[in-house]
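Counting starts at 1 for both ligands and their atoms, in listed order.
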Amino acid sequence: MKKHNFSAGPSILAQEVIENTAKAVLDLNGIGLSVMEISHRGKDFQAVMDETVALFRELLDIPANYHVLFLGGGASMQFCMVPYNLLNKKAAYLETGTWAKKAIKEAKGFGEVDVVASSADKNFNYIPKGFKIPEDVDYFHITTNNTIFGTEILEDYDSPVPLVADMSSDIFSRYVDISKYAIIYGGAQKNLGPAGATFVIIRDDILGKAERYIPTMLDYNTHIDKGSMFNTPPCLPIYTCMETLRWLKKLGGVKVMQEMNQEKADLLYNEIDRNPLFVGTAEKDSRSIMNICFVMKDEYQALEKDFLEFALSKGMVGIKGHRSVGGFRASTYNAMPRESVQALIDVMQAFEKQHVK
Ligand SMILES: *Cc1c(COP(=O)(O)O)cnc(C)c1O
C-alpha cells in the first residue's frame with residue numbers, strides 16, 4: 001500500500017532525491033567510490049559542498065555579504081551558538097512555542113533576555129502582534145514556523161536590531177527577504193534532507209563583537225574561515241540537501257513551491273473547517289502552511305484513537321499530534337505531493353460518513 005508520509009521530522013523527501021542519494025552512496029558520479037568513503041577535502045566532495053552553497057544562494061536570493069555554513073549539532077546547538085557569538089548584555093526573544101522556549105533558556109545563560117511577547121497564554125495557538133522590538137538589545141530572535149503548534153510568521157519583520165530566525169521547518173517553503181535577517185538557521189531534517197546537517201546563513205558584519213572567549217567549534221568565524229571544513233562536515237546529509245535543491249530548482253524555485261504549499265494547506269484547512277468532526281487548533285491568521293494541527297471537536301473526542309487507526313489503515317503515516325497539542329498534525333513539507341493531501345482529505349470524509357448521521 002502506498003504510504004503518505006505526514007511526519008513532522010525527519011520527514012518526507014522527494015522520491016528522486018532518495019534515489020539519487022542511493023546511487024551516490026553506491027558510486028558518486030562514476031568515480032568508483034561511495035560519497036560516504038571519500039575525503040571531505042578532496043575535489044569530489046568539495047564540488048558537492050560548492051554546489052550546495054551555490055544553490056542555497058541562488059534559490060534563496062542570498063546577498064553577497066552573507067555566508068552559508070553547514071555544521072553539525074542541529075538547530076538546538078544554534079540555541080547556544082547564537083548567544084555565544086552575539087549576546088553581550090541583552091537580547092530580545094519572541095516566545096511562540098516549545099523551540100522558542102528552548103532558545104530562550106539557552107540565551108539566559110549568556111545575559112539578560114527580554115521576552116517581548118508570548119502566546120503561552122493560549123498554548124501557543126497564535127503569533128503575537130503589535131509588540132515593539134526593543135532597540136537596546138544585541139539582537140531579536142524569532143521562530144518563523146512553530147512545528148509543534150502549527151503557527152507561522154508569514155512576513156519578514158522590520159527590525160531595528162539584528163534579526164535572528166530559526167527557520168528549521170519552513171526554509172525554502174516560501175519567499176523570504178534574506179536582507180532583513182542577520183542570521184537564519186535550521187536543521188535540515190524538516191524540509192531539506194536527512195538529520196545531521198544544520199544550515200546557517202549569516203551576515204558578515206554582525207560577528208566579532210562578543211566580549212567573551214568563544215570555544216573554537218562554537219565560533220561562527222572558525223567555520224566561515226574554513227568554508228564549513230574546519231572539522232569533518234556531515235557529508236552524506238549535505239549531499240542529499242544538494243539533491244533536494246536540484247529538485248527544487250527544476251520545479252521552478254521557491255516562489256513556485258510557495259504557491260504549491262499554499263494550495264495544499266488551503267485544501268486541508270478548508271476540509272478541517274468544513275468537516276463537522278474536526279477543528280483546527282491554530283488561530284486562522286496564524287496558521288502554518290507546513291504543519292497543520294487539528295483535533296476532534298469536543299463531542300467527538302472519544303473517536304480520536306479510532307480515527308488514527310482508520311487513517312493508518314489507509315496508509316497515512318505520522319499524523320498523530322505532538323503531546324503538547326494532542327489530536328493530529330499533518331506536516332505538508334515541500335516534498336509532500338498534493339495527491340497525499342487529497343488522500344488524507346478522502347480519509348477524513350470517509351470517517352465522517354461512518355460517524356456523522
Ligand atoms: C525540529 C526543530 C528544532 C530542533 O532541531 P534539531 O536539529 O533536532 O536540534 C528547532 N527548531 C524548530 C523550529 C524545529 O522544528
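Between Phe131 and Tyr157, the ring center distance clears the sub-6.0 Å criterion. Taking the six-membered ring for Trp, Tyr93 and Tyr139 have ring centres closer than 6.0 Å. Remark: aromatic rings of Phe307 and Phe278 are close, center separation under 6.0 Å.
Legend: residues meeting ring-ring contact (aromatic ring centres under 6.0 Å, His included) with Tyr239, ordered by chain and number and at least two apart, are absent.
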Between the protein and ligand 1, which nitrogen or oxygen pairs come in under 3.5 Å, and how far apart is each?
from	atom 1	to	atom 2	distance (Å)
ligand 1	7 (O)	Ala75	N	3.0
ligand 1	7 (O)	Gln189	NE2	3.0
ligand 1	8 (O)	Gln189	NE2	3.3
ligand 1	9 (O)	Ala75	N	3.2
ligand 1	9 (O)	Ser76	N	2.8
ligand 1	9 (O)	Ser76	OG	2.6
ligand 1	11 (N)	Asp166	OD2	2.6
ligand 1	15 (O)	Thr147	OG1	2.4
ligand 1	15 (O)	Lys190	NZ	2.6

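Between the side chains of Asn261 and Lys264, at least one donor N or O sits under 3.5 Å from an acceptor N or O.
Aromatic ring pairs are classed by plane angle as parallel below 30°, tilted from 30° to 60° and perpendicular above 60°; the pair Phe172 and Phe56 is perpendicular.
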